[in-house]
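In this chain, residues are counted from 1 in sequence order.
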Amino acid sequence: MPTTTFGNDRPPLPPPMPNPKDQIQAILKDLPDAALQELLVALQGAPSTAATTQLNLGQAKGYQVTVQGGTAYIGDQLNVDAATLEAVLNKLITERQQPQVSGIPNNLPRSGTVEFVGRDTELTNLHTQLHQVDRIAITALRGMGGIGKTELALQYTLHHLGQGTYPGGICWLQAKEQNIGTEIVTFARTYLNLTPPDGLELPQQVAYLWQNWPTPGDVLVAIDDVSGPNDNAAYAAIKPYLPPQNSRFRVLLTTRLQLGASIQTVPIDVLSEEASLELLRSLVGAERIDQELDIAKALCEWLGYLPLGLELVGRFLARKPGWTLAKMQQQLDEKRLAARALCQAQTDMTATHESVAAAFELSWQDLTLAAQELAYRLSLYALAPIFWEWLEQCYEGTDPDELEDWLDEELVNRSLATVVSASGAPVELQLHQLIREFFRSKLELWAGAEVLKQGYCQAMVQVALQIPDTPTRDQILAVTAAIPHLVEAATTWQQWLDDESLEWPFTGLGRFYEGQGAYGQSEPWCQECLTITRDRLGDDHPAVATSMNNLAVLYGFQGRYGEAEPLFRDALALRQRLLGNDHPDVAYSMHNLANLYESQGRYGEAEPLYRDALALRQRLLGNDHPHVAQSMHNLANLYESQGRYGEAEPLYRDALALRQRLLGDDHPDVAHSMHNLAILYESQGRYGEAEPLHRDALALYQRLLGDNHHHVAKSLNNLASLYQSQGRYSEAEPLYSDALMLHQRLLGNEHPHVANNLWNLGALKFKQRRLEEAKSLLLEALHIYEAKLGPAHPNTQNLKKWVAIVRVAKFLGMGK
């Protein structure tokens, strides 16, 4: 019977449930008045505005009387049957048992607006459409760039956060240049303490989160700047991540596009003249505006009544108390030519945006050279929150106060950048899309642009280097905020990556998703890495070998051995040709190819490669190196698979001791060594030594990787195998069953690891004399082995013997 290196997590059993009537009585006893009113509304539409309400069971009659100030108030009566009452209260019990999050979870950015004017009608229409119960609650704020869609959406969410309209939470997502699926997962982890199972593709992770959202009540999901090459593409990019179509979730979008009839639209027009004047008054002062009212009106019209242009001009005038509005208009007219140059590269801009560009040009020329350079740096980032500390690292030796002045006094106070982080939190900045494009247009004219782009790419390479082969939960969370900006380096600024580090942004992105089991998200980055390195560096370059190796590793995880093998072979041959036979990367390739052969049962081909890799690593790296420990561990695993326990044990022990000494006790590789040594002991019948190692490995995996990681799964699966070996079938069966279900969900129904689980579970059924169930499971496993590993694989051959034994047992009537 195989011992798989993968398995599943068995969810903890729920505590014994007390009598439902006792729970109902306890809840009614301490239910707050507001919650009781909600309960009464849920029970057949009782009015929640009554002074008091009498709840009658069945057809019992009665009235509740409240006396206030000498006046008696007779409340409504509500008759409900016991089944309805119990159903509603049981729902309330379930909601109460879900993990609670204090306050309303939200990640809303700060608003930089001084005064929000002229949008009362749109706010009302938006709320009405979001809460139309007879339609899907997806509403889009639609309008041109610079019209204030984002600010309107933000003002709506901030208002209703204060009102408590969405007690289940408000999740703010940014669609442009980001993967909103990753943003949703990050929100759930950070604000809800909810983590999806590892190994799921990203859409399935998000679906899990919607289904298991822990906070009760309505939830608002705001998705800012839904954009794309066309309407269909824009909607298709977000559709896999939208919440289920029910009344609990409301979805608010902002977009320039018409996304289709299935989405309700609130069109956003420019501000009215009066609202435009009011905005200028809030920024400049009423006296200055009213003194030149006719010119102010003409100025608003010239700016197209666009909030972005009005705010740029208003903040400029606020810093120029000696300027008349007439002078401002003259200056804007003179900047129109420069504005046209800025707009030429922006295919989606209208003539009105030329006015905004003119206002930007005026503000730009008012900046110091130092603030302009800071703006150049900001423009390199993706349209996602930018941590200020990232910028500070570029200015070592600069007075921090002076640096903050460039940001606050020159950029933020001119509405050229917005601080979106909460007060007291690490400072995060956000650029409006148009402002970023204006900054980038200026950057292309600056003599230092090349150096700045190269510096940005180098910084992102350092982020990628922080992502290890097997990232822990904490390591994934630490780099999540930087992922959109790493994507920007791999795409927009790709040509400014130097040859030596070209592959690293792609490798980092691949590891980020692969470490979460999101192989579908990892694969495009691994494939693109191979394509990019070949195109720029040619076929004969070490980076090409690395890219081939990384893609092959990913295919190996997915059980796609036929695709992985030629890549591993080519990577090894290329490294030997370029680097010679005495190089650590050659040892790494030999090790990986051996691992693939072992997975296919080709032990005779795997062993010499493992031995050569170990000897090469010891010669090049010395005996005290993690890669040496890795080679010892895998060679021991090969021996264990062949029943060569005496040769395997000292290697396992040495690998464990070396890893503990080099990596410390809290490292996934240490858990790997404990786990495999436990399997060896189990194979020798040394159950008393195996069980504590299994348990320690499991605890370490859970602490480092989370409860739903595939390494936790393999540990649980093999703990089940230990229980089975000891005849503890009732403890083993739920672990095997859960492992099977998880692997089918993560890897599909045709993966060798699924076959391993089917075999293990079938063997357990055979031990229990449940022969029909055993036969069905074993035949299903055999089908997978024959298709994926071939008829000559040892697992295939051994499983055929098991099937034959079960058939004989059934013929002899030895079970049911």
Side-chain angles (χ1 to χ4, degrees), residues 1-8 198-201 204 514 517-520 522-523 526-527 548-571 591-607 609 634 637-638 640-642 679 710-711 713-714 717-718 721 736-765 774-804 806:
M1 184 177 61
T3 304
T4 178
T5 56
F6 291 79
N8 184 34
D198 291 310
L200 294 177
E201 295 296 327
Q204 283 70 50
E514 182 184 301
Y519 301 135
S522 177
E523 187 173 342
C526 293
Q527 291 174 333
M548 289 192 293
N549 176 81
N550 291 344
L551 183 56
V553 168
L554 179 66
Y555 286 156
F557 283 148
Q558 296 172 291
R560 297 160 63 178
Y561 303 137
E563 296 169 85
E565 184 171 347
L567 287 168
F568 275 139
R569 284 184 170 277
D570 290 347
H591 176 92
N592 284 345
L593 184 57
N595 193 280
L596 181 73
Y597 288 156
E598 181 186 351
S599 299
Q600 296 174 292
R602 297 159 64 179
Y603 303 140
E605 296 170 86
E607 184 172 348
L609 284 170
N634 281 59
N637 189 68
L638 177 70
E640 191 271 333
S641 298
Q642 296 174 291
I679 293 172
H710 63 272
H711 287 319
K714 73 175 181 182
N717 179 84
N718 290 316
S721 175
Y736 279 147
S737 296
D738 288 343
L740 172 61
M741 288 187 291
L742 181 59
H743 275 150
Q744 287 172 326
R745 187 168 78 245
L746 300 182
L747 304 172
N749 293 325
E750 301 295 322
H751 195 284
H753 296 323
V754 171
N756 290 348
N757 284 138
L758 289 165
W759 187 352
N760 286 338
L761 188 56
L764 178 67
K765 302 286 189 184
K775 175 184 157 186
S776 176
L777 291 164
L778 295 176
L779 285 174
E780 190 175 350
L782 181 60
H783 166 77
I784 297 172
Y785 279 151
E786 288 177 332
K788 296 296 182 180
L789 303 179
H793 192 281
N795 283 2
T796 307
Q797 294 296 316
N798 290 334
L799 186 51
K800 284 181 179 179
K801 297 175 184 177
W802 270 86
V803 172
V806 171

Where Glu598 and Tyr603 come nearest, the two heavy atoms and their spacing:
O-CE2, 3.7 Å
Can you check side chain to side chain contact (heavy atoms under 4.5 Å, CB included) on Asn634 and Leu638, steps first, answer last?
CA-CA 6 Å; Asn634 281 59; Leu638 177 70; over 6 Å; no
If we only count heavy atoms from C-beta on, is the Asn749 to Val754 side-chain gap below 4.5 Å?
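The answer is no; the side chains never approach within 4.5 Å.
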Could you measure the distance from the CG atom of Leu777 to the CG atom of Leu761? Nearest 0.5 Å is fine.
5.0 Å
Non-hydrogen atoms of Arg569 and Tyr597 that approach each other most closely:
NH2-OH, 2.5 Å
Mind checking what makes salt bridge (charged side-chain N to carboxylate O under 4.0 Å, His left out) contact with Arg560, not counting sequence neighbours?
Glu523, Glu563
Between Tyr736 and Ser721, is there a donor-acceptor pair closer than 3.5 Å when you use the side chain of the first and the backbone of the second?
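Side chain of Tyr736 to backbone of Ser721, a donor-acceptor pair under 3.5 Å: yes, one is there.
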Would you please classify the geometry between the Tyr785 ring and the Trp759 ring as parallel, tilted or perpendicular, with 30° and 60° separating the classes?
perpendicular
Please report the interatomic distance CG(Asn756) to CG(Asn717), rounded to the nearest 0.5 Å.
8.0 Å
Measuring from Lys800:NZ to Asn795:CG, what's the distance to the nearest 0.5 Å?
12.5 Å
Please report the closest heavy-atom contact between Gly562 and Pro566, naming both atoms and the distance.
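For Gly562 and Pro566, the tightest heavy-atom pair comes out as O-CD, 3.1 Å.
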CG-OG1 distance between Leu782 and Thr796, expressed to the nearest 0.5 angstrom
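That separation rounds to 7.0 Å.
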Closest heavy-atom contact between Ala564 and Gly556?
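In terms of heavy atoms, the two residues are closest at CB-N, 4.1 Å.
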CD of Glu607 to CZ of Arg602, rounded to nearest 0.5 Å, is 15.0 Å
Looking at every non-hydrogen atom in both residues, tell me the closest pair between Ala594 and Leu609 and how far apart they are.
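So the two residues come closest at CB-CB, 3.6 Å.
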Which heavy-atom pair separates Glu780 from Leu758 by the least distance, and what is that distance?
CG-CD1, 3.7 Å
Which is it for His783 and Glu750 under the side chain to side chain contact (heavy atoms under 4.5 Å, CB included) test, yes or no, and what are the steps along the way?
CA-CA 9 Å; His783 166 77; Glu750 301 295 322; 3.7 Å; yes
Distance (rounded to the nearest 0.5 Å) between Gln527 CD and Ser522 OG:
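Taking CD in Gln527 and OG in Ser522, the distance rounds to 9.5 Å.
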